[in-house]
Amino acid sequence: MNYLYLLINIFTISIPLIRSFEPKIHYYKNFKALFLGILIAGTIFIIWDIYFTINGIWGFNSKYLTGITVFHLPIEEWMFFISVPFASVFIYEVLNYFLGPDQAVKDKHPFGISLSLILIAFGVLNLDKWYTSITFVSTGLYLFYLSYVLKVKWLSKFFRAYIVILIPFFIVNGILTGTAIDEQIVWYNNAENLGIRIFTIPIEDSIYGMLLILINVHVLEKFRKTPVDSKF
C-alpha cells in the first residue's frame, strides 16, 4: 500500500516513455521543449501545491505513500507533475499524427474565448472557495490570453486531445481520490471547493488538469524543433 501512489506515477508514464522513440511521431526529438514545459509548469504547480497543503485545502494519506517528503509534499506528488504532463502531451502528439490539423477552426477560437470568460466568471462568483476560485480564474485568464491575445493556431488540437486525456484522467485521478481503494490518497477540504464530484473526483480537478497540460503544450509548441508528421 505504501507504494500505490508511486506505482500510479510509474504506470502513467511507462507506455508513453516506451513509445517516445516512435519515428513517425518524433516525440523524443522534442524532449528539450517538453521538459522545459514540465519545469515551468511544475514550478508553478509545486508552489501552488505546497501552499494549499500547508493551509489544509488538500492533503495526502500516508497509508499510500513511501514517506519521502520534500517541502511538505510527498515525493510522489513531485513525480505527478512529471508523469502526467509527459503522458498527456504524448497523447496530444499522437492525435496530431493520426487526425492531422483541425483546419475548420484554425486561427479562430470562439470556444476558447467563451470558455475562458465562463471560467473567470465562475471563479469570481466563488471567491470564498480557494480551490474553485484560484483554479477557475487562473485557467480562464491563461486560456483568454492564448485565445484572444496570442491567437495560437494549435488550441483546437489541444481541446481535441484534452477530451481524450480525460479518459485516463478519470482512471488515475479516480484512484487518487478514492475510487476502488479503501481511502483517498489525496483528500480535499470541501469548504474550499464546490463539493461537486465526478465519481470521487472534485470537478475543480478537471480544470486544474487543463491548466497544467495547457501550459506544457504551449511551451512545446513555442519551442518545438520537429513538427508531428500527419498520417494524412
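Excluded from the calculations below are hydrogen atoms, water molecules and symmetry mates; all remaining heavy atoms, backbone and side chain alike, are included.
In this structure, Glu76 contributes its side chain and Thr66 its backbone to a donor-acceptor pair below 3.5 Å.
Surrounding NZ of Lys63 are more than 12 heavy atoms belonging to other residues, nucleotides or ligands, all under 6.0 Å away. Residue-environment remark: CZ (Phe71) stays at or below the threshold of 12 foreign heavy atoms within 6.0 Å.
Checked against ring-ring contact (aromatic ring centres under 6.0 Å, His included), Tyr28 has the following partners two or more places apart in sequence or in another chain: Phe21. Partners of Glu192 by salt bridge (Lys or Arg N to Asp or Glu O under 4.0 Å), not counting sequence neighbours: none found. Every residue two or more places apart in sequence or in another chain was checked for a salt bridge (Lys or Arg N to Asp or Glu O under 4.0 Å) with Glu204, and none qualifies. Legend: residues meeting side chain to side chain contact (heavy atoms under 4.5 Å, CB included) with Arg197, ordered by chain and number and at least two apart, are Gln184, Tyr188, Asn190, Pro202.
Taking the six-membered ring for Trp and thresholds of 30 and 60 degrees, Phe158 and Trp154 have ring planes more than 60 degrees apart, a perpendicular arrangement.
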Can I get a per-line list of side-chain donor-acceptor pairs under 3.5 Å for residues 167-177, giving both atom names and the distance, sequence neighbours left out?
unit_1, atom_1, unit_2, atom_2, d
Asn173, ND2, Asp205, OD2, 2.7
Thr177, OG1, Asn173, O, 2.8
Thr177, OG1, Gly174, O, 3.2
Thr177, OG1, Thr200, O, 3.3
Thr177, OG1, Thr200, OG1, 2.7

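Two residues are said to be in side-chain contact when any heavy atoms from C-beta on lie closer than 4.5 Å; Trp48 and Thr135 meet this criterion. Between Ile91 and Leu95 the shortest side-chain heavy-atom distance falls below 4.5 Å. A 4.5 Å side-chain heavy-atom check between Tyr27 and Leu34 finds at least one atom pair inside the cut-off. The shortest side-chain heavy-atom distance between Leu143 and Ile120 does not fall under the 4.5 Å cut-off.
Note on residues 29-41: no pairs pass salt bridge (Lys or Arg N to Asp or Glu O under 4.0 Å), not counting sequence neighbours.
Of all non-hydrogen atoms in Leu119 and Gly140, the two that sit nearest each other are CB-CA, 3.9 Å.
The six-membered or imidazole ring of Phe45 lies near that of Tyr208, with a centre-to-centre distance under 6.0 Å. Ring to ring, Trp130 and Tyr51 are close: their centroids are under 6.0 angstrom apart. Within the 6.0 Å centre-distance limit, the rings of Phe136 and Phe122 are counted as a close aromatic pair.
A donor and an acceptor atom, one from each side chain of Glu221 and Tyr92, are located under 3.5 Å apart. Using modelled atom types, one finds no donor on one side chain facing an acceptor on the other under 3.5 Å when comparing Thr132 with Asn126.
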Glu93 vs Arg224, salt bridge (charged side-chain N to carboxylate O under 4.0 Å, His left out): CA-CA, chis, key distance, verdict: CA-CA 12 Å; Glu93 293 286 84; Arg224 71 157 67 246; 2.7 Å; yes
